[in-house]
Amino acid sequence: MTLWEIKKKQTALVDGLDPTLVPAVLQRLNEMGFASGQGIKCLRRSPLRGPIVLQLGDCVYSLEQNIANRINISLS
Amino acid sequence: MVMSETVSKHKLFKTINERQLMKNIILVGKPNSGKSLLFNQMTGMRQKVANFPGVTVELKSGQLGQHQLVDFPGTYSLKSLSKDEELAIEKIHEAMHNPKTALVVCNLDATRLESSLVFGLQVRDLALQHNKGVIFALNMIDEVQRFGHQIDTKQLSKDLGCAVFALSAKTLIGLQEFKQALLDAVEHAEDFIPATTTEPEQAVLENSRSLSKRYGIKADVVLKRQNRIDDFLLNSLFGGLIFLLIMFLLFQSIFTWASPLMDAVEIALAEAASVVSSSLPDGMVNDFVTDALFGGVGSFLVFVPQIMVLTFVIGLLEDTGYLARAALICHKPLSYFGLSGRSFIPYLSGHACAIPAIMAARTIESPRKRLITMMTIPLMSCSARLPVYALLIAVLIPDVQYLGGVVNLQGITFFVLYFIGIVTALLVSVLLNKMTDLNKDKADMPFILELPTYRLPHWKPLIHRILTSAKQFIRRAGPVIFMVSVVIWVLGYFPQNGELQSSYLAMLGQWIEPIFEPLGLDWRYGVAILVSFLAREVFVGALGTLFGMENADENISGLAANIQTDGLALGAGIGLMLFYVVALQCVATVATLKGETGSRKIAWGLFLGYGFLAYCLAWLCASFI
Ligand SMILES: Nc1nc2c(ncn2[C@@H]2O[C@H](COP(=O)(O)OP(=O)(O)OP(=O)(O)O)[C@@H](O)[C@H]2O)c(=O)[nH]1
Ligand SMILES: [Mg+2]
C-alpha cells in the first residue's frame, strides 16, 4: 500500500519510493528518512484530501497527496 | 600637509592589512535550527528570527571581532529543492573555494539531532574535501536541559571528528565560550579540519541515525507537547474555524486595538498645532506650519500605532510556530488556485510590506507557484495602504458597535478591504495559472513542510520589531510626505496668498481633472492620487495639506472631519478605496519584482495591469453606487 492510504494513528514501515520521481525529490525524501525499514506514524489526515501529517525520525512533516501516494509502506 | 599624507597612507596601509587578516566564518545548518538568533547574539545585529522553516532567504554578514560571520538560509541538504536552498548551497560551494573562508560553523538543533545531522555530516564531508575547519554548534541546549536530558559533547565531538559546543542562543548558555573559541579557532583553522575520512552518501544517513540514537532525546518526548497542541489546532473540525477566527481577529485588531492610540496621537498633534499656531504671528509662516507641517506630515503620523499593532500580531503568529500550521491548513484550498500552502506565509507578511514578502516566496518549491505568488503579492494590503483605508473608512463608514464593542462596523469594513485584496489575488492566480498551464506540473516540486515545535514568543525581540516597524514607516515615507506637503503647499498658496481655488496648484489640477472626473473625484483627490505613486501614504499627507489650507479659518480638526464637511460621495469613496486595494503604486515593489522574477516585462506589466484594473473598479463604483 502507499503512504496516502494510511489512517490516523497507524504506524508503518517504509518499503521504498517510486523510482520515477524527480531525482531531486527522491533524494530529499531519502534524506528525510523515507528509506526502507524506517518507521513512520500518521498523526492526522486533513479534510478534503489535504496533506497528511506524519512523524518520521525526530520531525513532523506534512506531505501532499501526489507525493504520499508514491511512497510505499507496509503497516506494522 | 606632509604629515597628513603620511597619516592617511598609514591608515590606508592599515586597512589593507586588516582586510587581509579578516576571515569569513560561515554559519550554516538546517532550517529553523536557530542560526539567525545565534548570529544576532554573536554580532549584535538584528536579523529576522521567527519560528518556521525558511525565515532567512538571503546571506547576511556581520562583524565578529575582526572577522566576518555570515548567516545563511537554512537547508535540509546539499541538494536543493527550492530557491532559498539553491542560493544557500551555491554560496556554500563558493565559500568552500574562497581562501578567505576560515571556518564553517554548522548549527545543529540539539532537540532534533537526526535531521540536523543529515545536513551537518554532508557539510562536514564537503569541508573536509576543501580543507576547511568545521565547528558544530549544538544549539537549543536549554530545551534539551528542560527535558532533563544530557548530551555527552566530548564523546560526540570524538565521533564527529570535530569540535562541538553546546549552547543556547536564547538563554545564552555557553555563548561566551563559544565566541572566544571561534575567534581562537580562526587563527589556526587547520587544526579544525575534520578528523574523519569522507564517506559515501548513504553512510551519512545511517551515521546521523545512529549518532542521534546514541546522543539525542527520544523523538516522542520532544514531540509530545507539539502533537498535543496540534490535536487541537489542526483538528479536522475546528482547525479551519480556528484559523478563520485568528485571521479575522488579526485584521480586526489592527483597527480596534489601535484606535485609542491613534486618537491619542491625533489629540496630541492637534494640541501641539494649536499651541504652535497661537504662538506664531498670523501670516504665511503660521499658515505653512499649520497646513503643510501639521496638516500634511501630522495626518500621516496618526497611523503609526496601526503599523505597530499589525507588526505585533504578525510577529506573534510567526514566533509561536502557528504559521507552518496555517500553511498546512491552506495548502489544499490554495492549490485550487494554483498556489501552494507555502504561499500563505508571503501572503501574510505581504500585509506588512510587499518587498520582504516577495523575497520570502523563495521558499516555495515549485517555480511556477513561486512566480504566481510573487505576481499576486502586491494585491495584499500592505501597511502603506493602512493610512489610506483608515482615513476613507473614517470618512465614509459610521462608527457603529456590535456585540458590546467586540466588533465594529469600521473594523469589518477594514476586514472586507483586506479580503477583497486577497480574493483579487486568488482570481488573478487562477488566471495566471490558466495562462501558463502547459503540462509543466509533472516536474513540479511537491509540498513538503516540517512543522516546528511551538514556542512562547520572546518579548524583547518582539518589542524591538514593533519599534523598528514604526521607525521604518516614518523614515521611509516621512521625507517624501514632507517634501510633497511643502511643494503642494507652495503651489497651493501662491499667487494669491492662501486662495487654494485660484492657486497654481488648482490650475495644474484642472489639467488632470478629466482623468479623475469619471471616478467622481475632483482635482484635489487627483493630485493626491498622482503624488501617492511616490508612496501610498503620501495620499493622506497631500490631502491633509490641501484640506488644511481650505479650512484655514478653523483650527485643525481631524482630516476625516474636514473631508466629511467638504463632502465625498459614497460611490466615489468606495471606488477610491478599491483603487488603493488593487493599484500597484510602489516603485520599490516593482524593482523587487523585476529582480526576483528576472523580467522587466513582468514587473512593469503588473504595474500597468493592476493600475488599469484599479481604475476600472473605481469607475464602476462611482457610476453604479
Ligand atoms: N529555546 C530556544 N529556542 C531557540 C534557540 N535558538 C533559536 N531559537 C528559536 O528557534 C526559532 C528559529 O530561530 P532562527 O534563528 O530564526 O532559525 P534559523 O536557523 O535562522 O532559521 P532559517 O532562517 O529559517 O533557516 C526561533 O523561534 C528562535 O526563537 C535556543 O537556543 N533555544
Ligand atoms: Mg535564519
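Chain letters run A, B, ... following the sequence lines, proteins first and then strands; every chain starts at 1.
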Q: Side chain from CB out, backbone as N, CA, C, O: work out which of these in Ala35(A) comes under 4.5 Å of a heavy atom of chain B, or both, or neither.
A: side chain

(Q) Less than 4.5 Å apart, side chain to side chain, heavy atoms only: is that true for Ile71(A) and Leu63(A)? (A) yes

Q) Cation over ring, Arg342(B) on Phe52(B), under 6.0 Å and within 45°? A) no

Q: Identify which part of Leu328(B) has an atom lying under 4.5 Å from any heavy atom of chain A, answering side chain, backbone, both or neither.
A: both

Q: Using a strict 4.0 Å threshold on nitrogen-to-oxygen distance, state whether Glu86(B) and Lys83(B) make a salt bridge.
A: yes

Q: Select all residues of residues 235-247 of chain B having any heavy atom within less than 4.5 Å of some heavy atom of chain A, and report them by number, or 'none'.
A: Asn235(B), Ser236(B)

Q. In this structure, are over 12 heavy atoms from other groups packed under 6.0 Å from Glu90(B) atom CD?
A. yes

Q.
Quick check with a 6.0 Å cut-off and a 45 degree axis cone: is Arg70(A) positioned over the face of Trp4(A)'s six-membered ring?
A. no

Q. Quick one: of Leu449(B), Asn227(B), Leu451(B), who has the most non-hydrogen atom pairs under 4.5 Å with chain A?
A. Leu449(B)

(Q) Less than 4.5 Å apart, side chain to side chain, heavy atoms only: is that true for Ser62(A) and Phe447(B)? (A) yes

Q: Would you tell me whether Asp18(A) and Asn72(A) have side-chain atoms, one donor and one acceptor, within less than 3.5 Å of each other?
A: no

**Q.** Electrostatic pair Arg28(A)-Glu365(B), nearest N-O below 4.0 angstrom
**A.** no

Q | Contact origin within Gln122(B) toward chain A - heavy atom pairs under 4.5 Å | A | side chain

(Q) Please classify the contact of Leu29(A) with chain B as side chain, backbone, both or neither, using a heavy-atom distance under 4.5 Å. (A) side chain

Q: Give, as side chain, backbone, both or neither, the part of Lys213(B) having an atom under 4.5 angstrom from any heavy atom of chain A.
A: neither

Q: Identify which part of Glu85(B) has an atom lying under 4.5 Å from any heavy atom of chain A, answering side chain, backbone, both or neither.
A: side chain

Q: Counting only heavy atoms closer than 4.5 Å, note whether Gln27(A) contacts chain B via side chain, backbone, both or neither.
A: side chain

Q.
I need the residue from Ile217(B), Asp230(B), Leu113(B), Ile329(B) with the largest number of non-hydrogen atom pairs under 4.5 Å to chain A.
A. Asp230(B)

Q.
Is any side-chain heavy atom of Ile364(B) closer than 4.5 Å to one of Leu339(B)?
A. no

Q: Identify, with sequence neighbours excluded, every residue that meets ring-ring contact (aromatic ring centres under 6.0 Å, His included) alongside Tyr61(A).
A: none

Q. Do we see a donor-acceptor contact under 3.5 Å between the side chains of Thr2(A) and Asn69(A)?
A. no

Q: Below 4.5 Å from any heavy atom of chain A, which atoms of Ser116(B) appear? Answer side chain, backbone, both or neither.
A: neither

Q) Given that the side chain runs from C-beta out, which part of Leu223(B) has a heavy atom under 4.5 Å from chain A: side chain, backbone, both or neither? A) side chain

Q | Choice from Pro23(A), Cys59(A), Ser46(A), Gly33(A) maximising heavy atom contacts with chain B below 4.5 Å | A | Cys59(A)

Q.
With no hydrogens and no angle check, just 3.5 Å: does a side-chain donor-acceptor pair link Thr111(B) and Glu143(B)?
A. no

Q: Name the member of Gln65(A), Glu64(A), Arg49(A) that forms the most heavy-atom pairs with chain B at distances under 4.5 Å.
A: Glu64(A)

Q: Under 4.5 Å heavy-atom distance to chain B, tell me which part of Ile67(A) shows up: side chain, backbone, both or neither.
A: side chain

Q. Which is it for Lys30(B) and Glu450(B) under the salt bridge (Lys or Arg N to Asp or Glu O under 4.0 Å) test, yes or no, and what are the steps along the way?
A. CA-CA 11 Å; Lys30(B) 171 186 187 250; Glu450(B) 185 189 341; 3.1 Å; yes

**Q.** Region of Val222(B) that comes under 4.5 Å of a non-hydrogen atom in chain A
**A.** neither

Q: Scan side-chain atoms only and decide if Tyr454(B) and Arg325(B) contain a donor-acceptor pair under the 3.5 Å cut-off.
A: yes

Q) Based on non-hydrogen pairs under 4.5 Å, which of Leu56(A), Val25(A), Val53(A), Val60(A) is most in contact with chain B? A) Val60(A)

